[in-house]
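Please see the structure below; I have some questions.
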Amino acid sequence: MLKWFMVPVVILAVGIFIKLMFYPESCNMDNPSNRDFNKYFGLTVAQNHFMTRSADECNIDYLYRPALPQAVIKPDRSSSTFVILAPYGTGKTMLRCAFDQNLDKRYFKVILLNTHLSEYIQRFVSANGKNNSLENSLENWESKDFAQILLSVLVTQFLSQFNDRWIDLANMSMDEKMDLIFIACYYFDRHATIELENFANSLFKKTGFFASPYKEQDAITQTKENNRYEDKVLLIQFKNDIRNFKILDLNQNSKLHLLLAIVEGEKYQHNAKSKQMHETVFQDLVKFSSFMKKHMGKKVVFIIDGIDENQNFFSANGVNVPQLNRFYQSSVSQEIVVMTMANHFDLAMFYVAANGVELSDVIIRKDKFPIYTVTWNTKSLLNYADYILEKLRSLSASSRCKPIPSFKNLVNYSDERIAEIVNKIPTPRALHFFMTELIREMNSDAAHVQQPFIANFDNINNASEKSKKSFNQVRA
């Protein structure tokens, strides 16, 4: 009798053992703390790439290459010149990150994001007296203004990283050195002059123990005439010249004081009298880029992204197409294209597309300055979703309840009503917003469904409506 009594006990024990082995506690939806998508599938919030709404972290492990222009990221890690022109949320920033990280040490990368652009553009707006309206604030914008931004950011980023051990002064003439100093002192976009001083003293070998280095504070900027102190003639010339620039900070007189000290110290006053820097923007961009290549052994690559965050072009009222066209077209002007064709520098621009934006008719050599687009359809987005889920599956902890299913299984795509909603998701970024809301919906429903974390129609429908609203709020 005891023997027969023990059989169900053994079976029960085996059942409990199997449940503990194959159905861990994390699967128990009676426990409120388990009603969490990431815990159920063995992820942390930080791991779940679907819950990132911005690509600014530049985690290119999640770059889905098959849907992006293949010519941008080259196997030999070389650079090229191009424009990416694609709608918001299609992967431009992630592609920019991958392009940046793929380049090898042959290149000096100059990255211009919205932070840089907004500051320079605002100076232009202020200088042109358009303080009361953004609508036509770039009415007089020209290609030389765009070139000034390139040169200023190049000079500033270079000097902030400068190490005198990098520089090769062999065969550099006095005129070449002075050209560099003039460019540096005009375009350097910082108030402190220590980095300018370091560069100048390296160029003119003022770094030895017995040398007398150039310092802004030692500059004698005035002379006494008729019992009155006045700025020296050359300094007045420099100040008048720099006022012709529309995007430079005109309040940085300390740079011009240092320039005066160097000009006088090197006895270059006669040549300096003929300098009009505002007339030689394009030539100076070529000079500084050529210096980088010849004496630093690095080709300059300008990488521009973040335009879609600039309020001069995008606002709650929509896209200011005329201004956006004016800025875009200045960046592919004949002067700029010729410089890239001559191999002085490369220019990689990641621009947001908008109705009415025109670039293809402006570029004089499309074979040398190609425009790439990024488009997504339902198939490519489903493939992207599975690509992300596969990555997450490989990262999930062994303590997970279950492995993450395929995207179609996760969203119950076999339901035609669900498929119709999912098929309307336009871009990867919109998919991220949708997944964030869907996970929240499934978390709330976890204790009330037969199979947790497999979406039902209500989950999908609610997530779609909420994600569209939050997505539009971010865009506004």
Side-chain angles (χ1 to χ4, degrees), residues 120 123 126-127 148 151-167 169 172-281 283-285 287-288 291 295:
Y120 285 113
R123 290 175 191 163
S126 299
Q148 287 177 32
L151 185 49
S152 183
V153 179
L154 167 58
V155 167
T156 305
Q157 290 189 13
F158 167 70
L159 290 181
S160 67
Q161 303 174 39
F162 177 70
N163 184 323
D164 60 5
R165 290 174 295 177
W166 296 353
I167 198 166
L169 296 177
M172 188 181 290
S173 68
M174 173 59 71
D175 285 335
E176 288 176 311
K177 292 179 181 179
M178 291 305 303
D179 281 344
L180 290 175
I181 289 300
F182 267 87
I183 294 169
C185 288
Y186 270 72
Y187 285 92
F188 185 62
D189 197 44
R190 302 264 176 86
H191 284 274
T193 59
I194 183 65
E195 290 159 328
L196 274 172
E197 292 169 3
N198 290 340
F199 180 58
N201 290 323
S202 178
L203 271 182
F204 296 108
K205 299 181 179 179
K206 299 281 188 177
T207 56
F209 183 77
F210 297 104
S212 299
Y214 291 118
K215 293 183 179 180
E216 177 269 329
Q217 63 189 27
D218 295 337
I220 301 174
T221 61
Q222 294 185 321
T223 57
K224 188 175 182 180
E225 298 287 343
N226 299 323
N227 296 320
R228 186 175 63 183
Y229 285 95
E230 296 181 353
D231 284 345
K232 290 184 176 179
V233 173
L234 265 181
L235 181 59
I236 294 173
Q237 176 189 315
F238 298 159
K239 288 181 178 180
N240 289 336
D241 187 18
I242 206 168
R243 289 192 187 102
N244 291 292
F245 289 86
K246 299 175 183 177
I247 59 94
L248 299 183
D249 186 346
L250 305 183
N251 297 315
Q252 297 179 2
N253 287 328
S254 56
K255 302 185 305 180
L256 302 183
H257 295 170
L258 176 63
L259 177 60
L260 178 65
I262 296 169
V263 167
E264 292 181 340
E266 299 300 320
K267 298 179 172 40
Y268 203 74
Q269 295 95 320
H270 177 75
N271 301 68
K273 290 177 182 178
S274 61
K275 288 277 191 182
Q276 292 294 320
M277 297 291 290
H278 73 278
E279 296 179 351
T280 59
V281 175
Q283 298 96 309
D284 291 338
L285 179 54
K287 284 179 182 177
F288 210 89
F291 155 73
H295 296 281

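The figures that follow rest on heavy atoms only: side chains count, while hydrogens, waters and symmetry mates do not. Source: prediction; values computed, not measured.
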- Flag the pair F245 / V281 as yes when at least one side-chain heavy-atom distance between them is below 4.5 Å, and no otherwise.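 When only atoms from C-beta onward are counted, V281 and F245 do touch, with a gap below 4.5 Å.
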
- Task: Indicate yes or no: does E266 engage K177 in a salt bridge with an N to O separation below 4.0 Å.
- Result: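 No.
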
- Task: Please check if the side chain of K232 supplies one atom and the backbone of I220 the other of a donor-acceptor pair under 3.5 Å.
- Result: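 Indeed, once roles are kept as given, a pair shorter than 3.5 Å links the two residues.
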
- Message: Minimum heavy-atom separation for D249 and H191, please, with both atom names.
- Response: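 Answer, listing the atom of D249 first, then H191: OD2-NE2, 3.3 Å.
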
- Message: For V263 versus A272, what's the shortest heavy-atom pair and its separation?
- Response: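 For V263 versus A272, the nearest heavy atoms are CG1-CB, 3.9 Å.
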
- Item | Over all atoms of both residues, closest heavy-atom pair of L203 and M172 |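 The pair with the smallest heavy-atom distance is CD2-SD, 3.8 Å.
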
- Item | Heavy atoms from other residues, nucleotides or ligands near NZ of K273 exceed 12 (cutoff 6.0 Å) |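 No - once you tally the heavy atoms of other residues, nucleotides and ligands closer than 6.0 Å, there are 12 at most.
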
- Item | D179 backbone acceptor or donor facing K287 side chain under 3.5 Å |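 Not a single qualifying donor-acceptor pair exists.
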
- At their closest point, which heavy atom of Q283 faces which heavy atom of E279, and how far apart are they?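 Here Q283 and E279 meet closest at OE1-O, 4.1 Å.
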
- Task: Provide the closest heavy-atom pair for I242 versus L248 in the form atom of the first, atom of the second, distance.
- Result: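 Reported closest heavy-atom pair: CG1-CD1, 4.1 Å.
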
- Task: Could you tell me whether a side-chain N or O of S254 sits under 3.5 Å from a main-chain N or O of A192, the two making a donor and an acceptor?
- Result: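 Not at all, since once roles are kept as given, no pair shorter than 3.5 Å links the two residues.
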
- Message: For F158 and F288, take the angle between the two ring planes, folded into 0 to 90°, and tell me which bin it lands in: parallel under 30, tilted 30 to 60, perpendicular over 60.
- Response: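 Ring orientation of F158 relative to F288: perpendicular.
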
- Message: Would I183 and M277 count as a side chain to side chain contact (heavy atoms under 4.5 Å, CB included) here? Give the steps.
- Response: CA-CA 8 Å; I183 294 169; M277 297 291 290; 3.9 Å; yes

- side-chain hydrogen bond (donor to acceptor under 3.5 Å, both in side chains) evaluation trace for D241 with Y186: CA-CA 10 Å; D241 187 18; Y186 270 72; 3.0 Å; yes

- Query: Would K255 count as a cation-pi partner of F188, with NZ or CZ less than 6.0 Å from the six-membered ring centre and within 45° of the ring normal?
  - Reply: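 No, a cation-pi geometry is absent between K255 and F188.
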
- Query: When rounded to the nearest 0.5 angstrom, what is the spacing between CD in Q276 and CD in Q237?
  - Reply: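 If I round to the nearest 0.5 Å, the distance is 5.5 Å.
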
- Item | F182 CZ to D175 CG distance, which is reported to the nearest 0.5 Å |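 One gets 10.5 Å once the value is rounded to the nearest 0.5 Å.
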
- List the atom of Y120, the atom of V153, and the distance in Å for their closest heavy-atom pair.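 Taking Y120 first and V153 second, the nearest heavy atoms are CE1-CG2, 3.5 Å.
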
- Query: How long is the span from the NZ atom in K275 to the CG atom in L259, to the nearest 0.5 Å?
  - Reply: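 Rounded to the nearest 0.5 Å, the NZ-CG separation comes to 9.5 Å.
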
- Message: Any non-hydrogen side-chain atom of C185 less than 4.5 Å from a side-chain atom of F238?
- Response: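 A side-chain contact under 4.5 Å is absent here.
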
- Would you confirm whether T156, through its side chain, and S152, through its main-chain N or O, come within 3.5 Å as a donor-acceptor pair?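 Between the backbone of S152 and the side chain of T156 there is a qualifying donor-acceptor contact (under 3.5 Å).
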
- Query: Could you go step by step and tell me if M174 and F204 meet the side chain to side chain contact (heavy atoms under 4.5 Å, CB included) rule?
  - Reply: CA-CA 9 Å; M174 173 59 71; F204 296 108; 3.7 Å; yes

- Can you tell me how far CG of D284 sits from NE2 of H278, rounded to the nearest 0.5 angstrom?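 One gets 12.0 Å once the value is rounded to the nearest 0.5 Å.
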
- CD1-CG distance between I194 and N201, expressed to the nearest 0.5 angstrom: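 I194 CD1 to N201 CG: 8.5 Å, rounded to 0.5 Å.
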
- Task: Flag the pair F199 / Y214 as yes when their ring centroid distance falls below 6.0 Å, and as no otherwise.
- Result: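 Ring centroids of F199 and Y214 are no less than 6.0 Å from each other.
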
- Query: Run the side chain to side chain contact (heavy atoms under 4.5 Å, CB included) check on K239 and I236 step by step: do they pass?
  - Reply: CA-CA 5 Å; K239 288 181 178 180; I236 294 173; 5.8 Å; no

- Test log, rule side chain to side chain contact (heavy atoms under 4.5 Å, CB included), inputs R123 and K246: CA-CA 7 Å; R123 290 175 191 163; K246 299 175 183 177; over 6 Å; no

- Straight-line distance of E216 CD to L260 CG, nearest 0.5 Å: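 Those atoms lie 11.0 Å apart.
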
- Decide if atom NZ of K206 counts as having more than 12 heavy atoms of other residues, nucleotides or ligands within a radius under 6.0 Å.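 Yes, enclosed.
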
- Donor-acceptor contact present, side-chain T193 to main-chain L196, <3.5 Å: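 Flag not set: sc T193 to bb L196 has no pair under 3.5 Å.
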
